[in-house]
Amino acid sequence: MIDIKLLRENPEKIIDALQKRGVYGSPKNSEEITAMPYKQLEGMLDIEQLLKLEGERRTRIKEADELKNRRNVVSEEIGKLKQKKQDAAGLIAEMKGVSEKIKELDERLKKIEEDENNFLLIIPNIPHESVPVGKDEAENIKTRKWGEPGQFDFPPLNHWDIGEMLGIIDFDRAAKIAGARFSLMKGMGARLERALMNFMLDTNTSKGYKEIFPPILVNKESMTGTGQLPKFESELFKIGFTKDTIDFLKTKFITVQKNEYETMIDGKKKKEWIHIEAELNRMLGNELYLIPTAEVPVTNIHRDEILNEADLPIYYTAYTPCFRREAGSYGKDTRGLIRQHQFNKVEIVKFVRPENSYEELEKLTRDAEDILQRLGLPYRVITLCTGDMGFSSAKTYDIEVWLPGQDRYREISSCSNFEDFQARRANIRFRREGKKGTEFVHTLNGSSLAIGRTVVAILENYQQKDGSVLIPEALRPYMGVELIK
RNA sequence: GGAGAGGUGGCCGAGUAGGUCGAAGGCAGCCGCCUGCUAAGCGGUUGUGGGGGUAAAACUUCACCCAGGGUUCGAAUCCCUGCCUCUCCGCCA
């Protein structure tokens with residue numbers, strides 16, 4: 001979330017950021033924004049509208065606070081009068097009116113704050129000044145390269161062919177069990193997943209990352225904290241009813257907010273009441289989401305906490321399965337392990353002081369690269385441009401691994417500094433030694449690495465002419481074999 | 001799933017026949033004093049967020065005693081709903 005004070009004082013900075021990301025402008029439905037800011041999800045962000053909301057918010061606060069002050073003062077007087085057994089009927093009558101007025105104002109204020117907050121939640125982060133300005137992935141910058149793509153004296157195969165030939169990946173049965181974009185790993189394939197997970201976790205913990213094994217179902221607050229919600233709900237798997245279903249039911253029942261029905265209790269007919277809208281909201285509030293990345297539960301470990309300066313930096317690493325709907329990528333990567341609804345990943349997450357978060361981003365990226373180096377997989381590092389960066393990120397490096405079967409580099413890790421964007425949403429603060437007040441921490445994370453894609457890289461880079469696959473040396477202790485054949 | 005108990009400031013812990021409670025007391029922390037040093041002792045001080053105010057402070061005001069509603073002139077205190085924790089019974093990996 002962006003800082004509302006920054007918006008107030010330097011709106012041009014926010015506008016500039018949105019322009020660089022290509023999402024600034026007046027939406028067509030501007031008259032609807034106040035009521036439903038999320039209607040802008042696919043469109044442009046009209047900052048002037050937001051400023052108007054903010055101005056109104058402050059006016060209303062002033063009005064309500066003055067009345068509340070009056071109520072507090074007079075109520076105390078009434079108390080004193082009553083103790084002295086004196087008459088206070090006049091004051092009480094007056095306060096009755098004041099309280100009603102306050103209630104009215106508070107309701108309006110609440111609505112304004114909801115609208116404003118909903119708006120703030122869909123504004124992306126401000127890119128760091130070092131991020132190249134560009135409109136899409138074509139303008140990303142190749143930052144560095146490690147290793148050279150290997151030369152093969154035979155035509156290298158795709159990983160799915162290798163996997164099926166070796167009998168270690170079974171896509172057909174995975175489709176039978178679950179559907180498209182799922183995989184079934186068998187024998188040395190399953191073993192390879194497990195080996196990579198342990199190898200990555202061991203490597204990270206040896207560098208001081210604390211190992212975490214978090215819940216993989218999380219609530220709405222956690223998803224909002226890291227930025228997946230409200231904007232990217234369609235990317236997530238959800239347990240229970242979806243928002244669409246609830247919204248549909250609401251439109252059906254909205255005219256009958258209170259329903260009476262008969263029920264049998266102890267053999268007697270009894271009338272009961274139910275608030276349908278309240279019930280639906282409650283159902284929606286109880287939903288859980290499958291995590292798309294360990295970033296979500298791990299970053300939310302410290303949600304609503306005030307950390308000590310001495311606790312920072314905090315380094316975590318976590319293995320989790322990850323779940324993604326991959327809506328809107330129907331034609332892409334339909335074969336193989338590249339794009340799955342469920343995949344494994346080892347993640348690293350950092351909570352740091354603001355002044356060294358960029359230094360920490362470099363270190364974090366190097367730590368992710370180190371895994372690839374130890375596995376002997378050639379890669380390059382890409383600095384994403386403003387138009388290609390994720391919603392929550394201020395700066396992102398993608399690491400792309402060389403895949404001979406596809407004759408190209410493919411993303412295997414994404415390392416980002418979110419600055420205080422997530423910390424503000426998730427309310428993660430720290431207190432400086434000897435200073436009053438609190439500050440938001442900076443959060444960072446990166447994959448180290450996506451395990452499924454690492455399997456792809458190993459199969460394709462280490463394939464042999466006879467169809468077998470050599471195991472990288474660093475992995476042999478975990479695999480127990482040197483070769484899959 | 002059934003029965004009961006409870007959720008108060010960094011921690012412990014008062015406060016439930018509603019009124020001056022942001023909240024007694026203790027611990028921890030901070031600042032002084034004292035002491036050769038440490039400890040003990042003495043005095044003072046210490047929450048978060050929003051609004052106004054300021055160059056920044058000072059200052060001022062509102063809100064916050066799990067969350068959301070309600071009753072009331074007024075709620076930590078009363079009522080409803082939800083969430084969480086604990087104990088017992090049942091069930092279960």
Side-chain angles (χ1 to χ4, degrees), chain A residues 1 3-10 51 53-117 120 215 217-222 224-225 240 246 257-259 265-266 272-288 300 302-311 420 423-441:
Chain A
M1 191 145 65
D3 184 358
I4 189 68
K5 282 181 187 155
L6 178 68
L7 178 80
R8 235 146 65 181
E9 285 152 24
N10 302 92
L51 279 168
L53 275 174
E54 169 64 4
E56 208 182 332
R57 181 177 76 94
R58 289 196 288 167
T59 312
R60 298 285 165 241
I61 286 175
K62 224 185 283 183
E63 284 175 10
D65 277 6
E66 275 164 22
L67 282 179
K68 283 177 189 173
N69 180 235
R70 168 110 183 108
R71 180 178 67 183
N72 289 345
V73 171
V74 175
S75 289
E76 204 176 308
E77 257 174 62
I78 293 172
K80 281 178 186 160
L81 285 176
K82 287 217 161 180
Q83 270 181 345
K84 292 187 225 156
K85 311 260 188 215
Q86 289 175 352
D87 179 55
L91 287 178
I92 289 176
E94 187 205 333
M95 283 305 103
K96 214 165 195 161
V98 170
S99 277
E100 259 162 48
K101 182 81 184 154
I102 288 172
K103 205 171 170 182
E104 228 171 81
L105 287 173
D106 272 349
E107 267 162 28
R108 279 166 72 186
L109 179 62
K110 194 178 163 192
K111 179 84 178 70
I112 291 164
E113 283 181 337
E114 265 170 25
D115 286 345
E116 185 173 340
N117 197 249
L120 284 169
L217 281 170
V218 301
N219 57 30
K220 192 178 180 170
E221 287 70 30
S222 294
T224 307
I246 301 282
Q257 291 201 356
K258 237 180 179 181
N259 263 14
I265 294 176
D266 298 332
E272 296 240 337
W273 293 84
I274 181 169
H275 277 272
I276 288 182
E277 196 181 6
E279 283 298 313
L280 291 174
N281 281 333
R282 202 170 55 76
M283 285 160 84
L284 197 57
N286 285 341
E287 302 308 326
L288 291 171
N300 277 283
H302 296 297
R303 173 152 52 84
D304 291 321
E305 288 184 14
I306 301 175
L307 304 164
N308 294 318
E309 187 177 16
D311 296 337
D420 64 6
R424 202 178 289 282
R425 286 175 160 247
N427 193 26
I428 308 168
R429 294 169 290 168
F430 77 105
R431 216 189 303 272
R432 283 200 199 266
E433 220 74 51
K435 275 205 174 178
K436 274 192 81 109
T438 60
E439 278 179 61
F440 290 109
V441 302

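Everything numeric here is computed off the predicted structure, so don't read it as measured data.
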Using a 4.0 Å heavy-atom cut-off, does A:R60 contact any base of the nucleic acid, only the sugar-phosphate backbone, or nothing at all?
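No contact.
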Please state whether the phosphate of [N], meaning OP1 or OP2, lies under 4.0 angstrom from any side-chain nitrogen or oxygen of [X].
| X | N | answer |
| --- | --- | --- |
| A:N72 | B:G74 | no |
| A:T438 | B:G47 | no |
| A:R8 | B:G51 | yes |
| A:N69 | B:U61 | no |

Given that both distances must come in under 3.5 Å, which nucleotide forms a Watson-Crick or G-U wobble pair with [N]?
| N | value |
| --- | --- |
| B:G1 | B:C89 |
| B:G19 | B:C73 |
| B:U46 | B:A28 |

Which nucleotide in the list [options] gets nearest to the side chain of [X]?
| X | options | result |
| --- | --- | --- |
| A:R429 | B:G49, B:C73, B:G47 | B:G49 |
| A:K82 | B:U20, B:C62, B:C73 | B:C73 |
| A:S99 | B:G50, B:G70, B:C73 | B:C73 |

Flag, side chain of A:R424 to backbone of A:M1, donor-acceptor distance under 3.5 Å
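Yes, A:R424 side chain to A:M1 backbone: donor-acceptor pair under 3.5 Å.
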Nucleotide B:A28, atom P - distance to CG of A:N308 in whole Å:
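To the nearest whole Å, that distance equals 17 Å.
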